[in-house]
There are 2 protein chains.
Amino acid sequence: MATIREIAEKAGVSVGTVSFVLNGKSEKMRISAATKERVLVVARELGYLPSISARRLRNSEEKQTPIITILWTLDARASLISRFLQGIQKKSSFKDGMFELLIQPYENGKLNEVESLHTGTRFNGAIIANASEEDLDYLEKTNLNVPLVLYQRYSKKYSTVNVDSKLTGREVAEYLFEKGHKKVGIVVPTISSQAVDYRLEGFLSAVKDLGMENLYILRDNFTEQGGYSVIKSLIKKSKKLPTVLFFLSDPMAVGAILACHELGVRVPDDLEIIGHDNDDQTAYTFPPLTTVHLPVEEMAVASVNQLLDTINQRLTTPVSLQFRSELLIRKSTK
Amino acid sequence: MATIREIAEKAGVSVGTVSFVLNGKSEKMRISAATKERVLVVARELGYLPSISARRLRNSEEKQTPIITILWTLDARASLISRFLQGIQKKSSFKDGMFELLIQPYENGKLNEVESLHTGTRFNGAIIANASEEDLDYLEKTNLNVPLVLYQRYSKKYSTVNVDSKLTGREVAEYLFEKGHKKVGIVVPTISSQAVDYRLEGFLSAVKDLGMENLYILRDNFTEQGGYSVIKSLIKKSKKLPTVLFFLSDPMAVGAILACHELGVRVPDDLEIIGHDNDDQTAYTFPPLTTVHLPVEEMAVASVNQLLDTINQRLTTPVSLQFRSELLIRKSTK
DNA sequence: TTGTACGCGTTATCAC
DNA sequence: GTGATAACGCGTACAA
């Protein structure tokens, strides 16, 4: 709370002196040791905290580069953020210093509590990831005067970067149909996510269209533990298993593989398993997991570019970018 | 580059008007549509980018809270950052709004290129994670006027938060000795890391002290792929395998398990495997991985608290905090 | 060591 | 009704 002016007053010196002392330039400026000490003591008493904004405003020879923030939820989906960031780092203008990047965690469903979206005092634009339905609702209803890009969500109001999740669901179903599956099942994480809903919808409608039977829609939490326990109880309880299970989350599929091992269900012979995202680990499970590759890295770069274009006012109306996902066949399917 | 004053001049209006238009308050302030349009056009021509610092400085009824930054490398170790952040979120004063948290990626070995450490124009303090030897060197030599805490590194100059990595290495060796192992091996990621070096050192010296034989020190990159390929070539080439292999990285251990499966080496019967970190996935490999639990969450909170204390000048000399890691026995060891 | 102009957006006050 | 003016926030750095 205290400013250097208050310190100056209490210590009986000028603001210049305080500034020098506090920045370790007292030697260069030949401030006396006594004065220095006095200033330091008062600063401590007053709990001085330098104002970053003021400092920065003054030093603004630092060329003005846009500050962009990634709003990401701090939950189990954290694994994808590393791919997102690596995508940005490797393939964008980040390394040329064309923008500054911040990551700001937020709690799922509580986007409305992120003050800086209103005040505009933190960043020039934001990429919002993992927005829940409430969060989207909030965004649609509120008039934010900050450039935004939504990652993996749809909106008419803002630019978006997506994969066609319905198509993904459909393609997986078609693949299973080609492989001769008749009875299938799907496992859905209990998170509020448009993308997940669309994958489910696309899958179920294609299953129906193709004349297959969907035996189960199972739900549990997003993690390995969720996949593990949902499959354990499925296997224990029911006689009839599908021939394949599509997990809308890789960690869940990983957990499921262990459950199968423990209960003597052979993957892929007794049960085939397909995941979603292509997390790093999935190539090294036993057996390696067949999964849908989500082009996170490319989408990350696209999100940043969209946002920069919006900030620079090269883009005046919202744009929707659509990417394609791709089924990676590994050993957990036949 | 352009300021609202320049826009005002070019558009032939006052700065107040420009500000109102740019903030969507033109209605409320009853600015004529023509003026509004003129301002908007000029702003676009000039490529106006609002100065976040100026904005923020003005709005500083926003109570001053310290801004702290986590400097984290954007490499494979990304999995740990999610645990780090979750630790902060769940157990610290973050949720009370006592500080603002930013994450700033940096490239390993290039900490010296992080300008804001010099200028002090971004944050009130920083937690530095994954510093390489060069980075540490840089920190020791340079006089940064910014409060710092080093995560998982030692320093006399700055406060640090660590686990006793030598002790970890020693304890693993002792456990193996108790279990009757005679011939062991260790796999080391090829990253520059004090913590890794200490674990290795502690392990090797204890192995020697206890009269066991260390057959291999294998090195490859930090990832699943690294562990996979190093073990594949080990098994293919050599006749004599150790009875246990200690991996100083969980992902490597995960990759190794798959390599073993593929080559018919049974885990743990033919070869026992121990990892390090207790990544989320390790509880769900097949078999579940015995690993060293790194108390990332607790260390994260401690780092934040140390840093806040330093920023608030409650702490005037560097403090070193030491945590204990813990061996989690699962099924990849007998 | 001190005094003070400066950086830039916001907003309350004042004027036409 | 519309719009201009100026004070303000706070740390920095240069002239005195």
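All heavy atoms count here, side chains included; hydrogens, waters and symmetry mates do not. Here is how names work: the chains are called A, B, and so on, in the same order as the sequence lines, proteins then strands, and each is numbered from 1. Predicted model only: the values in this text are computed from it and were never measured.
Atom pair I31(B):CD1 and dA4(D):P shows a separation of 8 Å (rounding to whole Å applied). At whole-Å resolution of the value, CZ in R55(B) and C1' in dG9(D) are 16 Å apart. What separates CZ of R56(A) from P of dG7(C) is a distance of 17 Å, to the nearest Å. Counting to the nearest Å, the P atom of dC10(D) and the CD1 atom of I67(B) are 14 Å from each other. We find that NZ of K28(A) is positioned 16 Å from C1' of dT1(C), with the value rounded to whole Å. Going from atom NE2 of H118(A) over to atom C1' of dT10(C) covers 18 Å, rounded to whole Å. A straight line from CD1 of I7(B) to P of dG3(D) spans 16 Å, rounded to a whole angstrom. Taking atom CD1 on I52(B) and atom C1' on dG9(D), their separation rounds to 16 Å, with Å as the unit.
Remark: N162(B) engages Q152(B), Y154(B), T160(B), Q322(B) in a side chain to side chain contact (heavy atoms under 4.5 Å, CB included) (not counting sequence neighbours). The side chain to side chain donor-acceptor pair (under 3.5 Å) check on E134(B) picks up S132(B), with sequence neighbours excluded. Under the side chain to side chain contact (heavy atoms under 4.5 Å, CB included) criterion, L101(A) pairs with I68(A), I70(A), L85(A), I88(A), F94(A), F99(A), P105(B), sequence neighbours left out. Take S159(A) and apply the side chain to side chain donor-acceptor pair (under 3.5 Å) test, not counting sequence neighbours, and it matches no residue. Under the ring pair (Phe, Tyr, Trp, His ring centres under 6.0 Å) criterion, F84(A) pairs with W72(A), Y151(A), sequence neighbours left out. With sequence neighbours excluded, the residues satisfying side chain to side chain contact (heavy atoms under 4.5 Å, CB included) with E113(A) are K110(A).
Among the nucleotides dT10(C), dA4(D), dC8(C), the one closest to any side-chain atom of S51(B) is dC8(C). Proximity note for L57(A) (side chain, C-beta onward) versus dT2(C), dC8(C), dG11(D): the nearest is dC8(C). Of all nucleotides listed (dC10(D), dT12(D), dT1(C)), dC10(D) comes nearest to the side chain of T3(A). For N23(A), whose side chain is taken as the heavy atoms from C-beta onward, the closest listed nucleotide among dC8(C), dT12(D), dT1(C) is dT12(D). Nearest to the side chain of R58(A), among dC6(C), dC10(D), dT2(C), sits dC6(C). Side chain of V15(B), nearest nucleotide from dT10(C), dA4(D), dG7(C): dT10(C).
Annotation: proximity of residues 35-45 of chain B to DNA chain D (heavy atom, distance under 4.0 Å) is found for T35(B), numbered in ascending order.
Counting only distance, with no hydrogens or angles, the side chain of N130(B) and the backbone of S192(B) share no donor-acceptor pair below 3.5 Å. The main-chain N or O of L139(B) is found under 3.5 Å from a side-chain atom of Y158(B) such that the two form a donor-acceptor pair.
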When the side chains of residues 298-308 of chain B are checked against the rest of the protein, which donor-acceptor pairs come out under 3.5 Å, sequence neighbours left out?
residue : atom : partner : partner atom : Å
E298(B) : OE2  : K91(B)  : NZ           : 3.3
S303(B) : OG   : M299(B) : O            : 2.8
N305(B) : ND2  : V301(B) : O            : 3.4

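Screening K90(B), R83(B), Q86(B), Q89(B) for a side chain to side chain donor-acceptor pair (under 3.5 Å) with E297(B), the sole residue that qualifies is R83(B).
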Just the table, please: protein N/O against nucleotides 12-16 of chain C N/O, every pair under 3.5 Å.
none

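Scanning atom types as modelled, one donor and one acceptor separated by under 3.5 angstrom connect the side chain of R5(A) and the base of dG11(D).
Applying the 4.0 Å criterion to OP1 and OP2 of dT10(C), one finds that K25(B) has every side-chain N and O outside that range. Considering only side-chain N and O atoms, S19(A) lies under 4.0 angstrom from the phosphate OP1 or OP2 of dT12(D).
Among the heavy atoms of the strands lying under 4.0 Å from T17(A) is at least one base atom, whether or not backbone atoms are also near. Among the atoms of the strands shown, none is found under 4.0 Å from any heavy atom of L22(B).
The residue among V13(B) and S53(B) whose nearest nucleotide of DNA chain D is located toward the 5' end is V13(B).
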